[in-house]
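Worksheet: one structure, shown below.
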Amino acid sequence: MSDLSTADSRPFAAKTTRQGAGLHMTMQTGRVRSMTDAETISDLIGRVALKDRKAFSTLYQTTSPKLFAICMRILRDRNEAEEALQEVYVKIWQRADRFATGSATPIAWLAAIARNHAIDVIRARKPVGDTIDEAYDLADSAPTPEMQVELRAEGRRIDTCMERLGEDRATAVRRAYVEGLSYQELADLFSVPLNTMRTWLRRSLLKLRECMEQ
Amino acid sequence: MTSKGTKGGDSTRDEVIAGEYVLGVLSAEDRRKVESRLATDRAFAAMVDRWQSNLSSFDEAYEPIAPPKSTYAAIEKRLFAETALTPARQPRGLWNSIGFWRGFSLASVAGIAGLLAFGNGNVMTPRGTRAPLVAEMKGKDAPIDLVAHYDATSGTLDVTPVAAGADDQKSLELWLVKPDGKTVSLGVLPQTGEGSLTVSPDLRGGMTNGATLAVSVEPFGGSPTGVATGPVILVGAMAQ
């Protein structure tokens, strides 16, 4: 410590000395705690909303591997994923004040920002047809008798409901979400016509909604 | 249902569109339409929220992948570069002092040749063509990394220190050493080594001629204890 306090008064800029890596500051003791253990992601987002850069760097360290994985999976290109990850954290910095506890878990909220951004990038790169102004064929969407059966309470509701869709349709729903696949890509993957895939997925969504509410 | 749906009021259709939006299957233009509706239609926004919450368990499929170390510096640069370039806010220019960083860089120059000499083939990692060329220079057991940004248009090569460790990322934290030898954190250096920092009002009294500043290597994000826990790598006094 003595050589810290006896440093001379030359300008700081000019007086920079490198010291051995073994030299440690010895100062008042503090309670040791792990930042990531003690503070939840929710707290960190709250502090980022107050423009706390330290909280932002901790939030980045804690959550970036997950969000980078999302960008990589959807964009399938490392350079694009890196670029996307930058955009995602810029958005997180800017939007942290809009995070409301309650509806989504904090990590789900962050993941949604990453997914939405990555999907926007991929849709811009590989355009697909507009559909929401067209008629939706949603016939057949009434609950089927089997869906009226009381669902067993085991496992998560979404897993149970996905099982009810049947393997192919559940896979299509999951891959659309996880990989950001378009209707056309899904149709190619399952070797069905585009319109068939649209009908599959839309009816699957209605069945899921029905099932989730039971 | 196909054609009888009333345009905006068919909740079954809305439910499907909300689900399609969250799944990600809509076109870019349709996504923008959905988003503009989210801002004004609370019932529809609630449908999207519910899908988001229902389907978020699929997020488990994403196995974490560590992003490149340089990404965080790039994010900070994008977010904070502007404030870093406003020396008027910091009359003494301490934090932006080129001399400070030059001093740091020069102190490390001796190390660079050595780092490159024993580095493996990955030491220089130039990236993409559009973005600036960036090299991360690292050495075994070195308390810091150096990140070099090359701007091809101006021909400038900026070298800035980034604290680093072998296994986990580190941060550099700036400390004010009081006359009684106690230290107080002034903040964590941005990973880029650029940026300004506002001294909290209660510490400003200590920022006087002769006050000593020090930089220590801390866990990423700064000292978890509020006192320096890592090696002190730089010390200097302030003067007018």
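Values below: every heavy atom of this structure, side chains too, minus hydrogens, waters and symmetry copies. Lettering of chains follows the sequences in order, A, B, ..., and the numbering in each one begins at 1.
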| field | Contacting moiety of A:I70, where chain B heavy atoms sit under 4.5 Å | value | both

| task | Find the one option among A:I132, A:V128, A:I119 whose heavy-atom pairs under 4.5 Å with chain B are most numerous. | result | A:I132

| field | Axial cation check for B:W51 ring with A:R209, 6.0 Å and 45° limits | value | yes

| message | Check this for me: does any side-chain nitrogen of one of A:R53 and B:E76 sit under 4.0 Å from a carboxylate oxygen of the other? | response | no

| query | Who wins among B:M47, B:E60, B:E63 for the most heavy-atom pairs under 4.5 Å with chain A? | reply | B:E60

| Option that, when pairs with chain B are counted at under 4.5 Å, heavy atom only, ranks first among A:Q94, A:R198, A:E87 | A:E87

| task | May I ask you to name which of A:R174, A:R115, A:M72 has the most heavy-atom pairs under 4.5 Å with chain B? | result | A:R115

| task | Heavy-atom distances under 4.5 Å only: say whether B:A66 touches chain A with side chain, backbone, both or neither. | result | backbone

| message | Quick one about A:D188 and A:Q184 (side-chain donor to acceptor, distance below 3.5 Å, no hydrogens or angles considered), yes or no? | response | yes

| Are the aromatic ring centres of A:W93 and B:F80 under 6.0 angstrom apart? | yes

| request: Could you check which of B:D30, B:V25, B:V34 has the highest count of heavy-atom pairs closer than 4.5 Å to chain A? | output: B:D30

| Of the backbone (N, CA, C, O) and the side chain (C-beta and beyond), which part of A:R73 lies under 4.5 Å from a heavy atom of chain B, both, or neither? | side chain

| note | Turns out that what part of A:L59 lies under 4.5 Å from chain B's heavy atoms comes down to neither

| said: I'd like to verify something: which residue of B:L23, B:I17, B:V22 has the highest number of heavy-atom pairs under 4.5 Å with chain A? | reply: B:L23

| query | Does B:D14 come within less than 4.0 Å of B:R37, counting only side-chain N to carboxylate O? | reply | yes

| request: Against chain B, label A:L67 side chain, backbone, both or neither, depending on which of its atoms sit under 4.5 Å from a heavy atom there. | output: neither

| remark: Taken in chain and number order and not counting sequence neighbours, the residues that satisfy ring pair (Phe, Tyr, Trp, His ring centres under 6.0 Å) with B:F58 are A:Y177

| request: Among the options B:E29, B:R50, B:K33, pick out the one with the most heavy-atom pairs lying under 4.5 Å from chain A. | output: B:R50

| message | Please classify the contact of B:E20 with chain A as side chain, backbone, both or neither, using a heavy-atom distance under 4.5 Å. | response | both

| Listed by chain and number, what are the side-chain hydrogen bond (donor to acceptor under 3.5 Å, both in side chains) partners of B:R32, not counting sequence neighbours? | A:D120, B:E35

| query | How are the rings of A:Y89 and A:F56 set relative to one another: parallel (under 30°), tilted (30 to 60°) or perpendicular (over 60°)? | reply | perpendicular

| query | Is it the backbone or the side chain of A:E213 that comes under 4.5 Å from a heavy atom of chain B, or both, or neither? | reply | side chain

| said: What I want to find out is whether A:R157 reaches A:E163 closely enough, with some N-O distance under 4.0 Å, to be called a salt bridge. | reply: no

